[in-house]
Enquirer: 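My questions all concern the structure below.
Everything numeric here is computed off the predicted structure, so don't read it as measured data. Just so you know, residue 1 is the first one in the sequence shown, and it goes up from there. Atom set for the values below is all heavy atoms of this structure, side chains included, hydrogens, waters and symmetry mates excluded.
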Amino acid sequence: MHDPDAEAMVDFELSDEQAMLKAATRDVVRDRYPMERVREGLEGGPTTSATELWRLGAEIGWTGLALPEELGGSGQGLVEQALVAEERGRALARGAVETTAVVGLALARSDSPELSADLLPRLAAGTLRATWAFAEPGRPWTLDGLTATATATGDGYVLQGRKTLVEDAGVADVVLVTALLDGRPTNFVVDAADLR
């Protein structure tokens, strides 16, 4: 019988597999992205190390960690994806791994199976990089802050508005843009080349 006054117990310990993923990610980032290379990138130097780490992360499966197995991912969850992001952030590791993973999760949960079937395997495999354009200048990072609009045309949509703080925009192949369509927040996948 359930006792409503009993305290709920929540286990915040990592499973053995999660602990191994965390440790392995830390080792890979430490070995492949030492502090000298981090400084290189922060000082505006060459970003070959970020590209190398991106390729390695895609090979290991970081970009598709939380995506469904039937679409090329590993079928893990947000906790596993967060563990990789935590270790990469801890080392200031650059590259579009997290943005690609987040866009992949959004597409996996969308109501467009055709788009998911087309893009998710490529995002999971690391042959396509993605980012999300949500924030707008001087606006809150909430749905109430959206002012960008989308208008349906005969063969697609026209997006109007400005986005800011779009992480990894310079290396992304596709951008998930959030805009208002008939007053409702809607996500659109846009070829990054069309936005530059």
Enquirer: Hey, does Glu87 have a side-chain heavy atom less than 4.5 Å from the side chain of Lys22?
Expert: yes
Enquirer: Has the side chain of Thr63 got a donor or acceptor atom that lies under 3.5 Å from a matching backbone atom of Ala101?
Expert: no
Enquirer: CG/Leu105 to CG/Leu78 distance, rounded to the nearest 0.5 angstrom?
Expert: 5.5 Å
Enquirer: Mind listing the closest non-hydrogen atom pair of Asp191 and Ala193 along with its distance?
Expert: OD1-N, 2.9 Å
Enquirer: Using atom types as modelled and distance alone, determine if a side-chain donor or acceptor of Thr151 lies under 3.5 Å from a backbone N or O of Thr149.
Expert: no
Enquirer: For the residue pair Ala152 and Tyr157, what are the closest heavy atoms and their distance?
Expert: CA-CD2, 3.6 Å
Enquirer: Pro68 and Ala108: which non-hydrogen atoms are nearest, and at how many Å?
Expert: CD-CB, 4.1 Å
Enquirer: Between Ser116 and Pro121, which heavy-atom pair has the shortest distance, and what is it?
Expert: O-CD, 3.6 Å
Enquirer: Verify, without hydrogens or angle tests, whether Thr131 (side chain) and Val175 (backbone) share a donor-acceptor contact under 3.5 angstrom.
Expert: no
Enquirer: Do you know which two heavy atoms are closest between Ala58 and Gly126, and how far apart they sit?
Expert: CB-CA, 3.5 Å
Enquirer: Linking I/L/V/M/F/W/Y whenever any side-chain heavy atoms sit under 4.5 Å apart, do Val84 and Val29 land together?
Expert: yes
Enquirer: Please answer whether the main-chain N or O of Asp144 pairs with a side-chain N or O of Thr142 as donor and acceptor at a distance below 3.5 Å.
Expert: yes
Enquirer: Quick check on the hydrophobic clustering: are Leu115 and Val103 connected, directly or via other members, by side-chain heavy-atom contacts under 4.5 Å?
Expert: yes
Enquirer: Look up atom CG in Leu56 and atom CD in Glu59, then write down how far apart they are to the nearest 0.5 Å.
Expert: 6.0 Å
Enquirer: Tell me, do Thr100 and Leu123 make a side-chain contact under 4.5 Å, heavy atoms counted?
Expert: yes
Enquirer: Is any side-chain heavy atom of Val171 closer than 4.5 Å to one of Trp54?
Expert: no
Enquirer: Indicate if Leu119 and Leu67 have the same hydrophobic cluster label, given that clusters are the connected sets of ILVMFWY residues with side-chain heavy-atom separations under 4.5 angstrom.
Expert: yes
Enquirer: Under the 3.5 angstrom rule, does the side chain of Ser110 hit a backbone N or O of Leu107 as a donor-acceptor pair?
Expert: yes
Enquirer: Kindly say whether Trp132 contributes a backbone atom to a donor-acceptor pair with the side chain of Lys163 at under 3.5 angstrom?
Expert: no
Enquirer: Are Leu120 and Val189 co-members of a hydrophobic cluster defined by side-chain heavy atoms under 4.5 Å apart?
Expert: yes
Enquirer: Do you know which two heavy atoms are closest between Ser74 and Gly61, and how far apart they sit?
Expert: OG-O, 4.5 Å
Enquirer: State, yes or no, whether a side-chain contact exists between Leu180 and Pro185 at a heavy-atom distance under 4.5 Å.
Expert: yes
Enquirer: Are side-chain heavy atoms of Leu146 and Glu136 found at a separation under 4.5 Å?
Expert: yes
Enquirer: For the residue pair Arg129 and Asp168, establish whether any side-chain heavy-atom pair is separated by less than 4.5 Å.
Expert: no
Enquirer: If I take atom CZ from residue Phe134 and atom CG from residue Asn187, how far apart are they, to the nearest 0.5 angstrom?
Expert: 8.5 Å
Enquirer: How many angstroms lie between atom OG1 of Thr186 and atom CG of Leu181, to the nearest 0.5 angstrom?
Expert: 4.5 Å
Enquirer: Once rounded to the nearest 0.5 Å, what's the spacing between atom OG1 of Thr25 and atom CZ of Arg90?
Expert: 11.5 Å
Enquirer: Would you indicate whether the side-chain heavy atoms of Val28 and Trp62 approach each other to under 4.5 Å?
Expert: yes
Enquirer: May I ask whether Phe188 and Leu195 are part of the same hydrophobic cluster, defined by side-chain heavy atoms of I, L, V, M, F, W, Y residues being less than 4.5 angstrom apart, directly or through others?
Expert: yes
Enquirer: Do other residues, nucleotides or ligands put more than 12 heavy atoms under 6.0 Å from Asp182 CG?
Expert: no
Enquirer: Inspect the surroundings of CZ in Arg139 and state if more than 12 heavy atoms from other residues, nucleotides or ligands are less than 6.0 Å away.
Expert: yes
Enquirer: To the nearest 0.5 angstrom, please state how far the CD atom of Glu98 sits from the CD atom of Glu167.
Expert: 7.0 Å
